[in-house]
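Only this structure's heavy atoms are used, side chains among them; waters, hydrogens and symmetry mates stay out.
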Amino acid sequence: MAPPRPSAYRKSLGRDKGKDSLYLVSSEARQMKEQEKDQMKKLNNRLVNYVDKVHDLEMMNRFLTAENEKLKKLNKTEDVDVSAIYDDELKRLREKVEELQTKNAELEIEKDNLQYELEDVVVKLDTVKEENKDLEKEVKSLSKDVDDATIERVSLEAKIENLQEALQLEKQVHEAEMENLRRQVAPVEAPVLQAEQSSILPDLNDAIQKVRKQYEAFNAKSIEDLDNFYKEKVESLTKQLKAANDDIRDLRSDNSEKRKVIHQLEMELEALRQKNDGLERNQDGLEDRHAREIAEYQEQVEKMRSDLDGAKQDIGKYLKDYQDLNSLKLSLEQEIAIYNKILMGEEHRIAVIDTKTLVLANDSKRSSRSSSKSSSRASSRSSSSARSTSDIVEEMLEKDSPPKEPSTGVISVSWKVKGGTVRPIKPFHPLGDAELLHKAMKGIGTDEEAISEILTKRTKAQRLVIAKHYEEKYKKELLKELESELSGNFLSVVQHLMWRKSVLDARALRKAIKGFGTDEAVLIEILCTQSSKDIEDIKRDYYEVFERDLTKDIESETSGVFKKFLVAIMKANRPADSGTVVSNLADEDAKALFEMGVKQWSPSNDRFLEIFTQRSYQHLWYLFKQSWPKLTTVDLIETVEKECPKDLVRGLKTLIRFSTCIPPLYYAIQINETMAGKGTEEKQLTYIVTTRSEIDLIDVKEEYERVFGVKVEKRVEDETSGKYKKILLDLLN
């Protein structure tokens, strides 16, 4: 920097030394100029400091630029939009997941179609079996008739034989009688009385001959009638037997055809079963592969998200540093320009003062008078200049400072979490885990420690894969086996680990609604702390488990403004947290609620419902933590308790507390409430520990220790006991 230009004061002194000039300067003017000199020296020092700072900042900027170029050369890449890369990768992964879900849906549809075909075949088989049974019954009845006819025929044949034997016997008797009669009627030789006897006895030959003819005719007619009767009987029986044989033959042919059809259907059924088994195996393999791929993709996505969050934070930090440096540079440039103006103005003003304060000293009286006058004028001007120097700097800074840019209104409210205590285990051997679980439940007694060691060190997705392998190998459901072997709070923890969170919430809601009365606290705690996606999952699982509509059940079990508030939440119109909040919109919502008045907060007001059910939790956080305190200093929770309708107080308090706390802090407070006072609320404690174990349980533990001054593991160890304490500590650690 060039040295400051010498003042006129210095020039006049130089002339006085060389030529014994007659110009004189008063002591007051000299003192004033010394003060101005000191002030200018201070300003110059400040200016030099600012210039040094600017130089250092420029050097730092150059250094950072050089480092950036060096890193680019090392990586051999140009400027890369990290967020775009991760967005493209996330988009590709989402498309892959959607494609896999589509394939899975197609396989499900094909499986359902095969299942329907199998059911149709089973129905046809059952129909054929019923027809076969009917035919068998008919064949049995006809067989009975045939047997009866055969028995009748045999009995008739036996009767015929008996009659023939009787006829033969009658013939023999008849012949014997005829022989006796012949013998009796044979002529007896009586030589003396022959004439007399012939005249005395009647002639019996004619009578015997008539009787014989009549008897023979009767016998012949009887035999003929009997033959005709039995011939007709035999012919009718023969016709019936022939008809029965024809029916039996037809039935046998039909039966053989039916058996062929049944055999063919059985073969088709067996083929369909084999095909179904193959498809199920393929589906299981695909599901396992998809589950593994999805788990890997989720890990990659989580890793990318963490990297992206870190990159965003680094970019934000660098951007903030750059903005600070840029603003500092601008302010320094403005001050430099201002000081340049001040320096030039001061030099001009000092030169003017020098010319006005110098007078000729020819006459001592005139010199003294003129010097006194000039000194008085100089002192007045110096005082005015001394007063105005700092003011001039301030005015020029305010005048030349750039106008403030209007805020965009987008505020970042995201927070970084460390995650859960349960992470995916690698390498993962689901079949080995299934065998270990089976071994732990086999025989007398149950090895709870082995079960806890496996289930608490696997994620929920890995537990479902283990359950599938267990069912394939042992033909039993893992959860049912665990339920038959375990009991108490330990079983409750295992069920929470195996069920999906939405299933847990659906069961809790059903228990709160079912029976006499409604547990409103459970409804509020679950529905007011869930995202829209979670509510949709709960409604779906509620219908799948209980075959009932959750919204209709809530409408039937609640009433008034509380029902309207819950039904509005059940519509699941709340947007997901995006990490940013539009502050202008939050301020408008806060102003609308404030103008509405807490007493008028009601679901009948559309604006109220829109704010409380259609705004993200991060938006509500900014509304209640930043925008609301600008309007009033009264505590909002106390105001809600005093002025809000009683049916809404608990719901609004829960919603406000959940939205104004970050999730780890909220659940840390909830854990402390479960163990406060006498006894422990094991159900709530189990729910929080199991559901947050894969999300942010590490952060919950840190918040608990920060707020309450003790580790949550120590509290759990003091408040619980037995195997229940062991499995909770396994999850917390």
Side-chain angles (χ1 to χ4, degrees), residues 295 298-299 301-303 305-306 309-310 414-426 428 449 451-464 466 489-505 508 525-526 529-531 533-534 537 577 617-618 657-659 661-676 680-720 723-733:
Q298 287 178 349
E299 292 176 4
V301 169
E302 291 297 331
K303 185 177 179 182
R305 282 178 180 170
S306 61
D309 292 337
S414 61
W415 45 82
K416 190 174 182 180
V417 296
K418 296 180 180 179
T421 57
V422 178
R423 305 290 178 89
I425 190 171
K426 292 183 179 180
F428 177 47
E449 292 186 2
I451 295 173
S452 175
E453 182 67 24
I454 293 173
L455 296 183
T456 57
K457 299 298 185 294
R458 275 63 169 171
T459 62
K460 194 175 292 291
Q462 290 178 334
R463 296 185 203 114
L464 295 177
I466 293 171
N489 292 325
F490 187 87
L491 173 59
S492 178
V493 176
V494 171
Q495 289 174 335
H496 280 63
L497 292 175
M498 296 299 295
W499 284 333
R500 295 191 303 274
K501 181 178 179 296
S502 54
V503 175
L504 290 172
D505 294 333
E525 183 63 33
I526 293 177
T529 60
Q530 306 291 333
S531 64
K533 182 181 179 302
D534 294 336
D537 293 339
D577 291 335
Y617 289 115
Q618 291 177 346
R657 285 172 177 170
F658 181 77
S659 59
C661 294
I662 62 173
L665 176 59
Y666 177 81
Y667 288 109
I669 296 173
Q670 291 290 97
I671 288 177
N672 184 69
E673 290 179 356
T674 60
M675 296 182 287
T680 304
E681 296 180 11
E682 289 86 359
K683 292 182 180 179
Q684 184 70 2
L685 179 61
T686 301
Y687 177 82
I688 296 173
V689 173
T690 54
T691 55
R692 311 307 295 184
S693 61
E694 298 181 34
I695 302 174
D696 55 2
L697 191 55
I698 295 176
D699 306 273
V700 173
K701 290 164 56 180
E702 292 180 354
E703 290 294 327
Y704 190 93
E705 186 175 1
R706 181 182 66 82
V707 175
F708 301 105
V710 64
K711 290 187 175 182
V712 68
E713 296 94 329
K714 183 67 170 61
R715 284 295 307 276
V716 170
E717 188 174 0
D718 294 339
E719 296 292 334
T720 58
K723 301 168 187 175
Y724 177 60
K725 175 177 73 175
K726 176 68 170 56
I727 194 170
L728 286 183
L729 292 177
D730 288 343
L731 287 172
L732 290 169
N733 294 324

### Query
Sub-3.5 Å donor-acceptor pair from the side chain of Asp505 to the main-chain atoms of Ile526, do we have one?
no
### Query
Between Leu464 and Met498, which heavy-atom pair has the shortest distance, and what is it?
CD2-O, 4.0 Å
### Message
If you apply the rule side chain to side chain contact (heavy atoms under 4.5 Å, CB included), what do you find for Val422 with Thr456, and how did you get there?
### Response
CA-CA 7 Å; Val422 178; Thr456 57; 5.7 Å; no
### Task
Could you walk me through whether Val707 and Leu665 pass side chain to side chain contact (heavy atoms under 4.5 Å, CB included), step by step?
CA-CA 8 Å; Val707 175; Leu665 176 59; 3.6 Å; yes
### Heavy-atom pair of closest approach, residues Leu731 and Leu697
O-CD2, 3.8 Å
### Residues that Phe708 engages under ring-ring contact (aromatic ring centres under 6.0 Å, His included), provided they are two or more places apart
Tyr704
### Query
Are Thr686 and Tyr724 linked by a side-chain donor-acceptor pair shorter than 3.5 Å?
yes
### Query
When you check the gap from the basic side-chain N to the acidic O, do Glu673 and Arg657 get nearer than 4.0 Å?
no
### Task
Begin from the C-alpha positions of Phe490 and Lys726 and carry the test side chain to side chain contact (heavy atoms under 4.5 Å, CB included) through to its verdict.
CA-CA 9 Å; Phe490 187 87; Lys726 176 68 170 56; over 6 Å; no
### Query
To the nearest 0.5 Å, how far apart are CE in Met675 and CZ in Arg715?
4.5 Å
### Message
Between Asp699 (side chain only) and Gly419 (backbone N and O only), is there a donor and an acceptor less than 3.5 Å apart?
### Response
yes
### Task
Hey, could you give me the CG/CG distance between Leu685 and Asn672, rounded to the nearest 0.5 Å?
11.0 Å
### Task
Under the side chain to side chain contact (heavy atoms under 4.5 Å, CB included) rule, what do Ile688 and Tyr666 come out as? Steps first, then yes or no, please.
CA-CA 11 Å; Ile688 296 173; Tyr666 177 81; over 6 Å; no
#### Entry: Main-chain N/O of Ile662 paired with Tyr617 side-chain donor or acceptor, under 3.5 Å
no
### Message
Under a 3.5 Å threshold, yes or no: a donor from one side chain and an acceptor from the other, between Gln684 and Glu525?
### Response
no
### Flag, side chain of Lys460 to backbone of Trp499, donor-acceptor distance under 3.5 Å
yes
#### Entry: Spacing of Glu703 atom CD and Ile671 atom CD1 [to the nearest 0.5 Å]
11.5 Å
### Task
Only counting residues at least two apart or in another chain, list the ones meeting side-chain contact (heavy atoms from CB on, under 4.5 Å) with Thr691.
Lys501, Leu504, Tyr687
## Note on the structure
Between Leu497 and Arg463, the two heavy atoms sitting closest are O-NH1, 2.9 Å
### side-chain hydrogen bond (donor to acceptor under 3.5 Å, both in side chains) involving Arg500 - partner list, sequence neighbours excluded
Asp541
### Task
Using a strict 4.0 Å threshold on nitrogen-to-oxygen distance, state whether Lys714 and Glu717 make a salt bridge.
no
### Query
About how many Å separate OG of Ser452 and NZ of Lys723, when rounded to the nearest 0.5 Å?
11.5 Å
### Message
Rounded at 0.5 Å granularity, tell me how far CD1 in Ile698 sits from CG in Leu732.
### Response
11.0 Å
### Query
At their closest point, which heavy atom of Thr459 faces which heavy atom of Pro424, and how far apart are they?
CG2-N, 3.4 Å
### Side-chain donor or acceptor of Arg692 paired with backbone N/O of Val700 under 3.5 Å
no
#### Entry: Rounded distance (nearest 0.5 Å) linking atom CG of Asn733 with atom CG of Leu728
10.5 Å
### Query
Is there side-chain contact between Ile727 and Leu455, with at least one heavy-atom pair below 4.5 Å?
no
